[in-house]
Amino acid sequence: MKKSLLLSLVLLATFATSLRAQVILQDSFTYANGFTTNVSGNLWVAHSGSPATSSVNNGRLEVFGSLAADINRPFTNTAATTIFASFIVNAATIASTSNYFAHFNTNGTIFKGRVFAVGNAGGAPNTWRLGMTAASGTLTQIFPLDLATNVDYRVVISYDNVAFLGTLWIDPVSTADANKQTIDATTASTQSHFSFRQPTSASTAPNLLVDDLYVGNSFADVNVGAVKPATVYYQPVAGPTTVFTGNNFNLSCVGGGAGTVTFQWQHAGTNLVDDANHAGTTSNRLSLVSAVATQSGNYQCIVTSTTNGVFASSATTAIAVVNVSAAPVPPSFITQPVSQTVFSGQNVTFSTTVSSPGNVSYQWKSNNVNLVGETGPTLVLNNVTTAYSGSQYRVGVTNDVVATGILSTNAVLTVNNPPAVSVAFVRSLVDPGTLQAAPGSTQPYSVTGTITTFTNITTGNTSSYYLQDGTGGINIFATFGSAFRPAQGDIVTFVGVVSSFGSGLELLADTVNRTYTSYSIVGSGPLPAPVIIPFNLTNAYTFSFLATNLAGSRVTLTNVYFGSNAGAIIGGGAMTVTNASGTPFYLTFFAQDLDTAGQTLPAFAASVTGVLYGNHPNYSVGVTKFSDIYNPPTPIPLGITYSGGSLTFNWSDPSFKLQFATNVVGPYTTIVGATTGFITNTLSDQMYFRLVNP
């Protein structure tokens, strides 16, 4: 009998194939990987959103993202009333909400037969469902079958333009198979395009994969592919195998097949029916209600597929063994809290997992004192300080099966302050090969030094300065640090992790995401004396020496010529300067620095002072204060005449002061009140005079 039925099904499938003459659109997405609108040769076009986000990957259309693109493909509709379509859909992951992803439409407008992917539909764990609306955006009909992830389902839909009727089938054999229908009373329109749409609230990872689209004038035109046998996709899923009398317990499976899929749960080989202690006996989710001892034993579910009411095939799940026990069992620990050592400012989490029947309760304790409100399986301590160090944390666990509970072992918390180190120590941590910091460091260090830059040198809600102690200099960068604006000469204690960026080595603080980092102004003082560096810096020193000893420090270039940049207005960015011999070096100015912005560069500077900015091989002097470009005034002549025993002094610039000394090297003393035309007859055997601009 079964062989005859199988032959009938094969003949039916062959007959349906022979009649498939009205396919008006077929697309298997066998394009090269890439954006759908590009790789399809304009067969698919976008009618909303960004076309460069709907992609084909390995011969399937990826439907995911945040309303990235609605794409459609036209077809010639020769049907007078009803149009049919089918496609394969596979859920790689489960979306958290419901959004439609496929529909008929009229050239990007008047959408009909909207197909929805429905996440968290209240069925078995890790499942999803399909639903449909005729035209509105509100989901009205959900197909009552839990679907598995990573399984191909053939979806068939139709839309009757006269009755305004939409119909949805899943893996059908005939139109009489299980379906969902929905009606909307809107103006009729001729459907001329088929569309796929990115769900607005799906995850950013691929959610749905679509393939093998057919559009036709009849059900037979589009219902292609092999007839699916009944299949179990997920075996029975449950919690603990021991259930205590009076408690509820669930078993579930996920199955599918051709036509209409039904379920029948069995206990010890006998079909179950819904009663006071059983619910869902003919669904894929069985509930044992107020469990009794006689419900112990083996459970299985038979998944059956039928078409037109005729048996097609069945599959039986694996056995799930359930033991209903009246014995009171206390909870037991699977994992217990673990001792931790952290830095001050960090957040700390202690956790536990238990095995227990019934309803479980938790109570965390610190040094054996109950912590108010801490009644979950985890304990979170925010922004801990050294005052927490040495504290012991444990948790008590009880259930409603036994009167007594259990108490975990103690977990000891040790909180240390970040080690206070020198800049030289931080710089010694760089990789000797790359001269960069190790990525992903979480170890904080505390460094105290003087701010050497005059201004913040970064943009946005951040802060970037250079700090120098007696051993070297380093960039300090504070994410979310827009309120941190120290002055040049301020002494700052900065707690951060070692990092590298385009500007070289840095200490990075992020008080939002790394709560153990911090920064504070603790005083003020003189700037460290700059190191005079040669123009041929990278020839004079090795890169290793520069990275670990001089980078980030305050330095001075002498005898600086601005060349073609003379007279230029300072903005942000780097420029080339030379010495008298033409040896080049680089200066960097920062767009955020209002002290240098808009100033005019001289032709020559006796010296330029700043921080040694950047990293090898592109070092420069980062200038943040215009007065650090020292341009001495042009010398002026001092005229002296002698007559009648007196000297008369004349000079052109009244800002210069006259000084005298009895030795050429000084010391020189300013003659108070002396201006051009000054006369004196106070002479010694030998006197020296000069003009200075104080």
Side-chain angles (χ1 to χ4, degrees), residues 93-94 96 120 122-127 148-149 234-254 285-293 295-299 317-342 346-382 384 388-415 442:
T93 58
I94 297 173
S96 58
N120 298 328
N126 196 35
T127 61
T149 58
Y234 296 170
Q235 296 293 343
V237 176
T241 56
T242 298
V243 185
F244 289 88
T245 54
N247 290 338
N248 299 335
F249 186 70
N250 294 323
L251 289 167
S252 64
C253 69
V254 175
R285 192 168 187 266
L286 171 68
S287 295
L288 305 185
V289 183
S290 299
V292 294
Q295 289 178 302
S296 293
N298 297 341
Y299 287 81
T317 68
I319 293 174
V321 180
V322 177
N323 176 36
V324 180
S325 173
V329 175
S332 61
F333 285 108
I334 299 174
T335 62
Q336 301 204 43
V338 177
S339 296
Q340 298 183 51
T341 298
V342 299
Q346 284 188 277
N347 299 333
V348 177
T349 299
F350 292 106
S351 63
T352 185
T353 55
V354 299
S355 174
S356 176
N359 298 310
V360 181
S361 300
Y362 302 86
Q363 177 59 63
W364 286 91
K365 303 171 182 289
S366 174
N367 297 329
N368 290 321
V369 176
N370 287 350
L371 295 173
V372 177
E374 300 296 346
T375 55
T378 61
L379 169 67
V380 178
L381 306 175
N382 293 316
V384 297
Y388 287 73
S389 198
S391 298
Q392 299 182 7
Y393 296 89
R394 65 196 315 183
V395 62
V397 183
T398 58
N399 62 25
D400 54 6
V401 176
V402 296
T404 58
I406 55 175
L407 196 60
S408 74
T409 56
N410 274 316
V412 179
L413 177 61
T414 303
V415 183
T442 59

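If you read the sequence from its start, that first residue is 1, and numbering goes on from there.
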Can you give me the closest heavy-atom contact between [X] and [Y], atom names plus distance?
X    : Y    : value
L251 : A320 : CD2-CB, 3.9 Å
S351 : W364 : N-CH2, 4.0 Å
N410 : R394 : OD1-CD, 3.2 Å
V342 : Q346 : CB-OE1, 3.2 Å
C253 : A124 : O-CB, 4.3 Å
Q336 : T409 : OE1-N, 2.7 Å

Please tell me if the side chains of [X] and [Y] come closer than 4.5 Å, counting only heavy atoms from C-beta onward.
X    : Y    : result
V321 : N323 : no
T352 : Y362 : yes
L413 : F350 : yes

> Stepwise, does the side chain to side chain contact (heavy atoms under 4.5 Å, CB included) test hold for V354 with S332?
Replying inline: CA-CA 6 Å; V354 299; S332 61; over 6 Å; no
>> How long is the straight-line distance from CD of Q363 back to CG of L407, given to the nearest 0.5 Å?
In response: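 L407 CG to Q363 CD: 10.5 Å, rounded to 0.5 Å.
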>> Using 0.5 Å steps for rounding, measure from the CG atom of L286 to the CG atom of N250.
In response: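 Reported to 0.5 Å precision, the distance equals 8.0 Å.
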Sub-3.5 Å donor-acceptor pair from the side chain of [X] to the main-chain atoms of [Y], do we have one?
X    : Y    : result
Y234 : N126 : yes
D400 : N359 : yes
N248 : V289 : no
S361 : T398 : no
Q340 : T349 : yes

> Checking side chain to side chain contact (heavy atoms under 4.5 Å, CB included) for the pair F333/V397: CA distance, chi angles, key distance, verdict?
Replying inline: CA-CA 9 Å; F333 285 108; V397 183; 3.8 Å; yes
> Is the CG atom of N367 crowded by more than 12 outside heavy atoms at less than 6.0 Å?
Replying inline: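 Yes, enclosed.
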>> Set out, in order, the CA-CA distance, both residues' side-chain angles and the distance that settles side chain to side chain contact (heavy atoms under 4.5 Å, CB included) for V322 and L288, then state yes or no.
In response: CA-CA 10 Å; V322 177; L288 305 185; 4.2 Å; yes
>> Walk me through whether Y393 and L381 qualify under side chain to side chain contact (heavy atoms under 4.5 Å, CB included).
In response: CA-CA 11 Å; Y393 296 89; L381 306 175; 3.5 Å; yes
